[in-house]
Participant: 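The following block contains the structure, expressed as C-alpha coordinates.
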Amino acid sequence: MADDRELQALRALASAARAIGRGTTSTRVALAHAHSLLDPGLLPEPVHRSLWPELEEATAQVAPLAIKEVEKVLEAAWGGKPSSELDELDPSPAVVNAATQTHRGVRDGSAVAVTVLRPGLADLVRADLALIDRLVAPARAAFPAVDIPAIVREIRHRVLDDLDLEHVASAQRTLFRALRRDEELAVASPHTDLSHPGVLVRDDPQGTPVLELTDGAQRERAARLIVRFVAGSARHGTLVADLRPETVLLDADGRLVVLEASGVAPVPAARADAVADALDAIAQDDTAAGARAIVALGALPPAHASVAVDVGRALLGPLATEGPVRVDVAAARAAIERAEAHEETLLGLFPHAMVVPADLWPLRALGQAAALVTRLGAEVDWLGVARHTIRSGW
(Lines give C-alpha, C1' and ligand atoms only; values in the text may rest on other atoms or scores of the structure.)
Protein backbone atom coordinates (compact mmCIF):
# COMPACT_ATOMS: atom_id res chain seq x y z
CA MET A 1 0.00 0.00 0.00
CA ALA A 2 1.08 3.61 -0.63
CA ASP A 3 0.96 4.48 3.05
CA ASP A 4 3.32 1.55 3.82
CA ARG A 5 5.89 2.93 1.37
CA GLU A 6 5.54 6.40 2.84
CA LEU A 7 5.92 5.09 6.39
CA GLN A 8 9.00 3.12 5.37
CA ALA A 9 10.50 6.26 3.77
CA LEU A 10 9.93 8.26 6.96
CA ARG A 11 11.45 5.52 9.09
CA ALA A 12 14.45 5.33 6.77
CA LEU A 13 14.93 9.09 7.07
CA ALA A 14 14.71 8.97 10.87
CA SER A 15 17.14 6.06 11.01
CA ALA A 16 19.64 7.83 8.73
CA ALA A 17 19.40 11.01 10.79
CA ARG A 18 20.08 9.13 14.03
CA ALA A 19 23.02 7.24 12.51
CA ILE A 20 24.62 10.37 11.04
CA GLY A 21 23.99 12.59 14.07
CA ARG A 22 25.01 10.10 16.74
CA GLY A 23 27.86 11.50 18.82
CA THR A 24 28.11 14.86 17.05
CA THR A 25 28.27 18.16 18.91
CA SER A 26 25.24 19.44 17.06
CA THR A 27 23.11 16.48 18.17
CA ARG A 28 24.23 16.88 21.79
CA VAL A 29 23.30 20.57 21.74
CA ALA A 30 19.93 19.85 20.07
CA LEU A 31 19.06 17.07 22.55
CA ALA A 32 19.95 19.21 25.57
CA HIS A 33 17.93 22.05 24.09
CA ALA A 34 14.92 19.76 23.56
CA HIS A 35 15.18 18.56 27.17
CA SER A 36 14.74 22.13 28.43
CA LEU A 37 11.67 22.66 26.23
CA LEU A 38 9.65 19.45 26.47
CA ASP A 39 7.38 18.22 29.22
CA PRO A 40 8.09 14.47 29.53
CA GLY A 41 4.37 13.81 29.85
CA LEU A 42 3.88 15.07 26.30
CA LEU A 43 5.75 12.15 24.74
CA PRO A 44 3.91 8.91 23.91
CA GLU A 45 5.18 6.04 26.06
CA PRO A 46 7.31 4.29 23.37
CA VAL A 47 8.93 7.61 22.40
CA HIS A 48 9.43 8.61 26.04
CA ARG A 49 11.07 5.28 26.83
CA SER A 50 13.60 5.56 23.98
CA LEU A 51 14.15 9.33 23.73
CA TRP A 52 13.91 10.82 27.21
CA PRO A 53 17.03 9.07 28.59
CA GLU A 54 19.00 10.50 25.64
CA LEU A 55 17.73 14.00 26.41
CA GLU A 56 18.63 13.63 30.09
CA GLU A 57 22.09 12.30 29.23
CA ALA A 58 22.78 15.19 26.85
CA THR A 59 21.80 17.68 29.56
CA ALA A 60 23.92 15.91 32.18
CA GLN A 61 26.96 16.26 29.92
CA VAL A 62 26.68 20.07 29.88
CA ALA A 63 29.36 21.36 32.24
CA PRO A 64 29.76 25.04 33.19
CA LEU A 65 32.68 26.99 31.81
CA ALA A 66 35.19 28.13 34.41
CA ILE A 67 35.18 31.87 35.00
CA LYS A 68 38.73 32.08 33.60
CA GLU A 69 37.46 30.62 30.30
CA VAL A 70 34.64 33.16 30.24
CA GLU A 71 37.04 36.02 30.91
CA LYS A 72 39.31 34.77 28.14
CA VAL A 73 36.40 34.88 25.67
CA LEU A 74 35.52 38.42 26.79
CA GLU A 75 39.11 39.63 26.58
CA ALA A 76 39.47 38.26 23.04
CA ALA A 77 36.19 39.93 22.02
CA TRP A 78 36.84 43.32 23.62
CA GLY A 79 40.60 43.57 23.23
CA GLY A 80 41.16 44.13 26.92
CA LYS A 81 40.28 42.91 30.38
CA PRO A 82 36.56 42.53 31.13
CA SER A 83 36.97 45.00 33.99
CA SER A 84 37.66 47.73 31.41
CA GLU A 85 34.03 47.44 30.25
CA LEU A 86 32.22 46.03 33.29
CA ASP A 87 32.05 47.29 36.86
CA GLU A 88 31.34 43.77 38.10
CA LEU A 89 31.06 40.24 36.74
CA ASP A 90 29.58 37.51 38.91
CA PRO A 91 31.92 34.49 38.68
CA SER A 92 29.00 32.09 39.17
CA PRO A 93 26.93 31.50 36.04
CA ALA A 94 23.25 32.44 36.10
CA VAL A 95 22.38 30.13 33.19
CA VAL A 96 24.33 27.23 31.69
CA ASN A 97 23.23 25.47 28.56
CA ALA A 98 24.80 23.42 25.80
CA ALA A 99 25.57 26.40 23.53
CA THR A 100 26.05 29.40 25.81
CA GLN A 101 26.66 30.49 29.37
CA THR A 102 25.30 33.65 31.02
CA HIS A 103 26.74 35.65 33.92
CA ARG A 104 25.21 38.62 35.68
CA GLY A 105 27.22 41.81 35.93
CA VAL A 106 27.12 45.58 36.33
CA ARG A 107 27.94 48.17 33.69
CA ASP A 108 27.88 51.90 34.41
CA GLY A 109 25.92 51.16 37.57
CA SER A 110 23.18 49.16 35.82
CA ALA A 111 22.52 45.43 35.90
CA VAL A 112 23.52 43.55 32.76
CA ALA A 113 23.70 39.94 31.64
CA VAL A 114 26.74 38.70 29.71
CA THR A 115 26.24 35.66 27.48
CA VAL A 116 29.22 33.92 25.89
CA LEU A 117 29.22 31.24 23.21
CA ARG A 118 31.12 28.12 24.18
CA PRO A 119 34.61 28.39 22.67
CA GLY A 120 35.02 26.39 19.46
CA LEU A 121 31.34 25.49 19.26
CA ALA A 122 30.68 27.34 16.00
CA ASP A 123 33.54 25.53 14.24
CA LEU A 124 32.38 22.13 15.53
CA VAL A 125 28.80 22.74 14.39
CA ARG A 126 30.01 24.02 11.02
CA ALA A 127 31.85 20.71 10.54
CA ASP A 128 28.77 18.74 11.62
CA LEU A 129 26.61 20.57 9.09
CA ALA A 130 28.62 19.01 6.28
CA LEU A 131 27.06 15.68 7.29
CA ILE A 132 23.56 16.87 6.39
CA ASP A 133 24.30 16.17 2.73
CA ARG A 134 24.05 12.46 3.53
CA LEU A 135 20.36 12.96 4.40
CA VAL A 136 19.42 14.40 1.00
CA ALA A 137 18.59 11.03 -0.61
CA PRO A 138 16.41 9.61 2.21
CA ALA A 139 14.73 13.00 2.66
CA ARG A 140 13.85 13.13 -1.04
CA ALA A 141 12.29 9.68 -0.75
CA ALA A 142 10.16 10.79 2.21
CA PHE A 143 9.22 14.22 0.80
CA PRO A 144 9.48 14.03 -3.01
CA ALA A 145 7.74 17.40 -3.54
CA VAL A 146 10.24 19.31 -1.37
CA ASP A 147 13.37 21.02 -2.67
CA ILE A 148 15.65 19.22 -0.21
CA PRO A 149 18.93 20.91 -1.28
CA ALA A 150 17.28 24.30 -0.67
CA ILE A 151 16.14 23.09 2.76
CA VAL A 152 19.71 22.01 3.56
CA ARG A 153 21.07 25.40 2.54
CA GLU A 154 18.51 27.16 4.73
CA ILE A 155 19.37 24.98 7.75
CA ARG A 156 23.08 25.72 7.37
CA HIS A 157 22.45 29.44 7.06
CA ARG A 158 20.07 29.70 10.00
CA VAL A 159 22.07 27.48 12.36
CA LEU A 160 25.23 29.52 11.82
CA ASP A 161 23.25 32.74 12.32
CA ASP A 162 21.96 31.34 15.62
CA LEU A 163 25.57 30.83 16.75
CA ASP A 164 26.55 34.42 15.90
CA LEU A 165 25.72 36.46 19.01
CA GLU A 166 26.52 39.70 17.19
CA HIS A 167 23.75 38.81 14.74
CA VAL A 168 21.45 38.10 17.71
CA ALA A 169 22.27 41.49 19.24
CA SER A 170 21.45 43.28 15.99
CA ALA A 171 18.06 41.56 15.67
CA GLN A 172 17.38 42.12 19.36
CA ARG A 173 17.99 45.86 18.98
CA THR A 174 15.36 46.01 16.21
CA LEU A 175 12.78 44.17 18.33
CA PHE A 176 13.59 46.24 21.44
CA ARG A 177 12.87 49.42 19.52
CA ALA A 178 9.66 48.01 18.04
CA LEU A 179 8.31 47.19 21.52
CA ARG A 180 9.72 49.98 23.67
CA ARG A 181 6.30 51.69 24.01
CA ASP A 182 4.26 48.48 24.37
CA GLU A 183 2.64 48.11 27.78
CA GLU A 184 2.54 44.30 27.72
CA LEU A 185 5.63 43.14 25.83
CA ALA A 186 9.32 43.96 25.99
CA VAL A 187 12.67 42.72 24.73
CA ALA A 188 15.79 43.32 26.82
CA SER A 189 17.95 46.08 25.35
CA PRO A 190 21.28 44.79 23.97
CA HIS A 191 24.55 46.69 24.40
CA THR A 192 25.55 46.56 20.77
CA ASP A 193 28.86 48.36 21.35
CA LEU A 194 30.02 45.23 23.18
CA SER A 195 28.47 42.75 20.76
CA HIS A 196 30.74 40.17 19.15
CA PRO A 197 30.13 36.84 17.37
CA GLY A 198 30.92 35.14 20.68
CA VAL A 199 29.45 37.63 23.17
CA LEU A 200 26.04 39.19 23.86
CA VAL A 201 25.62 41.85 26.56
CA ARG A 202 22.11 43.05 27.41
CA ASP A 203 20.14 44.72 30.16
CA ASP A 204 19.10 42.34 32.92
CA PRO A 205 15.48 43.17 33.84
CA GLN A 206 14.06 41.46 36.89
CA GLY A 207 11.07 39.13 36.84
CA THR A 208 9.93 35.53 37.21
CA PRO A 209 10.64 32.96 34.49
CA VAL A 210 7.23 31.99 33.14
CA LEU A 211 7.46 28.31 34.10
CA GLU A 212 8.18 29.33 37.72
CA LEU A 213 4.95 31.33 38.03
CA THR A 214 2.64 29.79 40.63
CA ASP A 215 -0.40 32.06 40.33
CA GLY A 216 -2.95 30.78 37.83
CA ALA A 217 -3.89 34.25 36.58
CA GLN A 218 -0.24 35.08 35.95
CA ARG A 219 0.28 31.85 34.03
CA GLU A 220 -2.78 32.63 31.89
CA ARG A 221 -1.42 36.14 31.25
CA ALA A 222 1.99 34.75 30.30
CA ALA A 223 0.41 32.24 27.90
CA ARG A 224 -1.66 34.95 26.21
CA LEU A 225 1.33 37.27 25.89
CA ILE A 226 3.53 34.52 24.42
CA VAL A 227 0.92 34.04 21.68
CA ARG A 228 0.75 37.81 21.17
CA PHE A 229 4.54 38.12 21.00
CA VAL A 230 4.91 35.39 18.37
CA ALA A 231 2.00 36.58 16.24
CA GLY A 232 3.20 40.17 16.44
CA SER A 233 6.73 39.08 15.51
CA ALA A 234 5.36 37.57 12.30
CA ARG A 235 3.55 40.81 11.42
CA HIS A 236 6.66 42.84 12.36
CA GLY A 237 8.65 40.71 9.92
CA THR A 238 11.26 39.35 12.35
CA LEU A 239 10.15 36.22 14.17
CA VAL A 240 11.94 34.84 17.23
CA ALA A 241 12.21 31.08 16.84
CA ASP A 242 14.09 30.25 20.04
CA LEU A 243 11.82 30.97 23.02
CA ARG A 244 13.57 29.11 25.82
CA PRO A 245 11.90 28.92 29.27
CA GLU A 246 14.80 30.66 31.01
CA THR A 247 14.70 33.62 28.60
CA VAL A 248 10.99 34.47 28.93
CA LEU A 249 9.80 36.10 32.14
CA LEU A 250 6.94 38.13 33.61
CA ASP A 251 8.08 41.30 35.38
CA ALA A 252 6.52 43.06 38.37
CA ASP A 253 4.34 45.19 36.07
CA GLY A 254 2.93 42.10 34.32
CA ARG A 255 4.91 42.59 31.11
CA LEU A 256 6.28 39.60 29.25
CA VAL A 257 10.00 40.21 28.75
CA VAL A 258 12.06 38.24 26.23
CA LEU A 259 15.66 38.33 27.38
CA GLU A 260 17.36 37.00 24.26
CA ALA A 261 15.95 37.23 20.73
CA SER A 262 17.86 34.32 19.26
CA GLY A 263 16.89 32.13 16.33
CA VAL A 264 15.39 35.01 14.36
CA ALA A 265 13.91 34.60 10.88
CA PRO A 266 12.39 37.07 8.41
CA VAL A 267 8.68 36.72 7.61
CA PRO A 268 7.45 38.43 4.41
CA ALA A 269 4.16 40.30 4.79
CA ALA A 270 2.45 38.07 2.21
CA ARG A 271 3.19 34.95 4.26
CA ALA A 272 1.93 36.59 7.44
CA ASP A 273 -1.28 37.45 5.58
CA ALA A 274 -1.67 33.83 4.41
CA VAL A 275 -1.21 32.57 7.98
CA ALA A 276 -3.83 35.06 9.17
CA ASP A 277 -6.20 33.75 6.49
CA ALA A 278 -5.57 30.20 7.70
CA LEU A 279 -6.37 31.18 11.30
CA ASP A 280 -9.57 32.88 10.15
CA ALA A 281 -10.55 29.70 8.31
CA ILE A 282 -9.98 27.63 11.46
CA ALA A 283 -12.13 30.00 13.51
CA GLN A 284 -14.91 30.04 10.93
CA ASP A 285 -14.73 26.31 10.10
CA ASP A 286 -14.30 27.30 6.45
CA THR A 287 -12.59 24.46 4.58
CA ALA A 288 -12.46 26.29 1.23
CA ALA A 289 -10.82 29.39 2.74
CA GLY A 290 -8.37 27.23 4.67
CA ALA A 291 -7.44 25.36 1.51
CA ARG A 292 -6.78 28.66 -0.30
CA ALA A 293 -4.50 29.76 2.54
CA ILE A 294 -2.55 26.48 2.42
CA VAL A 295 -2.11 26.81 -1.33
CA ALA A 296 -1.00 30.45 -0.91
CA LEU A 297 1.63 29.28 1.59
CA GLY A 298 2.84 26.70 -0.92
CA ALA A 299 2.36 23.88 1.59
CA LEU A 300 0.17 21.63 -0.60
CA PRO A 301 -1.30 21.67 -4.11
CA PRO A 302 -5.03 22.48 -4.44
CA ALA A 303 -6.03 18.82 -4.90
CA HIS A 304 -4.86 17.98 -1.36
CA ALA A 305 -5.29 21.25 0.54
CA SER A 306 -8.92 20.66 1.55
CA VAL A 307 -8.06 17.26 3.00
CA ALA A 308 -5.29 18.87 5.05
CA VAL A 309 -7.70 21.49 6.43
CA ASP A 310 -10.24 18.89 7.49
CA VAL A 311 -7.69 16.61 9.11
CA GLY A 312 -6.01 19.60 10.76
CA ARG A 313 -9.25 20.64 12.42
CA ALA A 314 -9.81 17.05 13.50
CA LEU A 315 -6.38 16.94 15.13
CA LEU A 316 -6.88 20.24 16.94
CA GLY A 317 -10.34 19.24 18.12
CA PRO A 318 -11.41 21.52 21.01
CA LEU A 319 -8.17 23.51 20.65
CA ALA A 320 -9.61 25.02 17.46
CA THR A 321 -12.44 26.66 19.42
CA GLU A 322 -12.65 30.44 19.65
CA GLY A 323 -12.46 31.78 23.19
CA PRO A 324 -10.39 30.51 26.14
CA VAL A 325 -9.44 26.83 25.95
CA ARG A 326 -7.25 24.79 28.25
CA VAL A 327 -3.87 24.31 26.56
CA ASP A 328 -1.95 21.78 28.62
CA VAL A 329 -0.15 18.46 28.38
CA ALA A 330 -3.42 16.52 28.46
CA ALA A 331 -4.78 18.55 25.52
CA ALA A 332 -1.57 18.06 23.58
CA ARG A 333 -1.54 14.32 24.24
CA ALA A 334 -5.16 14.09 23.07
CA ALA A 335 -4.15 15.85 19.83
CA ILE A 336 -1.31 13.36 19.34
CA GLU A 337 -3.73 10.48 19.84
CA ARG A 338 -6.06 11.99 17.25
CA ALA A 339 -3.10 12.22 14.86
CA GLU A 340 -2.42 8.52 15.36
CA ALA A 341 -6.06 7.82 14.48
CA HIS A 342 -5.62 9.78 11.22
CA GLU A 343 -2.22 8.26 10.42
CA GLU A 344 -3.24 6.89 7.01
CA THR A 345 -4.57 10.26 5.82
CA LEU A 346 -1.48 12.09 7.08
CA LEU A 347 0.85 9.63 5.38
CA GLY A 348 -1.07 10.14 2.17
CA LEU A 349 -0.35 13.89 2.35
CA PHE A 350 3.41 13.61 2.95
CA PRO A 351 4.39 12.91 -0.70
CA HIS A 352 2.62 16.13 -1.72
CA ALA A 353 3.85 18.36 1.11
CA MET A 354 6.00 21.26 -0.07
CA VAL A 355 7.92 22.82 2.83
CA VAL A 356 9.21 26.24 1.83
CA PRO A 357 12.79 26.73 3.13
CA ALA A 358 12.00 30.17 4.52
CA ASP A 359 9.30 28.58 6.73
CA LEU A 360 11.66 26.31 8.66
CA TRP A 361 12.49 28.75 11.45
CA PRO A 362 8.92 30.13 11.65
CA LEU A 363 7.76 26.52 12.10
CA ARG A 364 10.39 26.14 14.80
CA ALA A 365 9.02 29.29 16.47
CA LEU A 366 5.51 27.85 16.35
CA GLY A 367 6.67 24.56 17.88
CA GLN A 368 8.66 26.14 20.70
CA ALA A 369 5.93 28.65 21.56
CA ALA A 370 3.36 25.84 21.59
CA ALA A 371 5.58 23.77 23.88
CA LEU A 372 5.99 26.70 26.27
CA VAL A 373 2.27 27.53 26.34
CA THR A 374 1.45 23.85 26.84
CA ARG A 375 3.75 23.66 29.86
CA LEU A 376 2.02 26.70 31.37
CA GLY A 377 -1.20 24.66 31.34
CA ALA A 378 -3.44 27.72 31.26
CA GLU A 379 -6.69 28.71 29.61
CA VAL A 380 -5.92 31.03 26.72
CA ASP A 381 -7.81 32.34 23.70
CA TRP A 382 -4.84 31.52 21.50
CA LEU A 383 -6.88 31.62 18.30
CA GLY A 384 -8.45 35.00 18.99
CA VAL A 385 -5.19 36.60 20.16
CA ALA A 386 -3.22 35.19 17.22
CA ARG A 387 -5.83 36.27 14.64
CA HIS A 388 -6.01 39.82 15.98
CA THR A 389 -2.28 40.34 16.47
CA ILE A 390 -1.08 38.86 13.21
CA ARG A 391 -3.48 41.24 11.42
CA SER A 392 -2.82 44.39 13.45
CA GLY A 393 0.69 43.82 14.82
CA TRP A 394 1.87 45.01 18.22
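Keep in mind the model is a prediction, meaning the values are calculated, not measured.
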Participant: State whether the side chain of Q172 and the backbone N or O of A188 hold a donor-acceptor pair below 3.5 Å, judged by distance alone.
Facilitator: yes
Participant: Show your working on salt bridge (charged side-chain N to carboxylate O under 4.0 Å, His left out) between R49 and E45 and close with a plain yes or no.
Facilitator: CA-CA 6 Å; R49 192 166 50 249; E45 182 54 35; 3.3 Å; yes
Participant: Report the distance from atom CG of D164 to atom CG of L117, rounding to the nearest 0.5 Å.
Facilitator: 9.0 Å
Participant: Pairs in or reaching into residues 304-360: which pass ring-ring contact (aromatic ring centres under 6.0 Å, His included), with residues at least two apart or in two chains?
Facilitator: F143-F350, H304-H352
Participant: Just jot down the ring pair (Phe, Tyr, Trp, His ring centres under 6.0 Å) partners of H167, sequence neighbours excluded, or say none.
Facilitator: none
Participant: Would you find more than 12 non-hydrogen atoms of other residues, nucleotides or ligands less than 6.0 Å from E183 atom CD?
Facilitator: no
Participant: Group every Ile, Leu, Val, Met, Phe, Trp and Tyr by side-chain heavy-atom contacts under 4.5 Å, then state whether V356 and M354 land in the same group.
Facilitator: no
Participant: What closest approach, in Å, do G377 and D328 show between heavy atoms, and which atom pair accounts for it?
Facilitator: CA-CB, 3.7 Å
Participant: Among pairs that include at least one residue of residues 168-196, which meet ring-ring contact (aromatic ring centres under 6.0 Å, His included), considering only residues two or more places apart or in two chains?
Facilitator: none
Participant: With sequence neighbours excluded, what pairs up with R292 under the side-chain contact (heavy atoms from CB on, under 4.5 Å) test?
Facilitator: A288, A289
Participant: Kindly say whether E166 contributes a backbone atom to a donor-acceptor pair with the side chain of S170 at under 3.5 angstrom?
Facilitator: no
Participant: When you look at CZ of R391, are more than 12 heavy atoms from neighbouring residues, nucleotides or ligands closer to it than 6.0 Å?
Facilitator: yes
Participant: Could you tell me whether R235 and D273 make a salt bridge, using a distance below 4.0 angstrom between a side-chain N and a carboxylate O?
Facilitator: yes
Participant: W382 side chain to L319 main-chain N or O, any donor-acceptor pair under 3.5 Å?
Facilitator: yes
Participant: Would you list the pairs meeting side chain to side chain donor-acceptor pair (under 3.5 Å) in which at least one residue belongs to residues 68-90, sequence neighbours left out?
Facilitator: none
Participant: For the residue pair T27 / T24, report whether a side-chain donor-acceptor contact shorter than 3.5 Å exists.
Facilitator: yes
Participant: Can you name the closest pair of heavy atoms from L31 and A58 and give their distance?
Facilitator: CB-CB, 3.6 Å
Participant: Looking only at the side chains, is there a donor atom on one of S36 and E246 sitting less than 3.5 Å from an acceptor on the other?
Facilitator: no
Participant: Nearest 0.5 Å, please: how far is CG in L383 from CG in D280?
Facilitator: 8.5 Å
Participant: Report the distance from atom CZ of R140 to atom CG of D147, rounding to the nearest 0.5 Å.
Facilitator: 7.5 Å
Participant: Is the closest side-chain donor-acceptor distance between D310 and T287 under 3.5 Å?
Facilitator: yes
Participant: Say whether, by atom type as modelled, one donor and one acceptor occur between the side chain of S306 and the main chain of P302 under 3.5 angstrom.
Facilitator: no
Participant: Report the hydrophobic cluster partners of I294, with the cluster defined as I, L, V, M, F, W, Y residues connected by side-chain heavy atoms closer than 4.5 angstrom, directly or transitively.
Facilitator: L300, V307, V309, V311, L315, L346, L349
Participant: When you check the gap from the basic side-chain N to the acidic O, do D204 and R202 get nearer than 4.0 Å?
Facilitator: yes
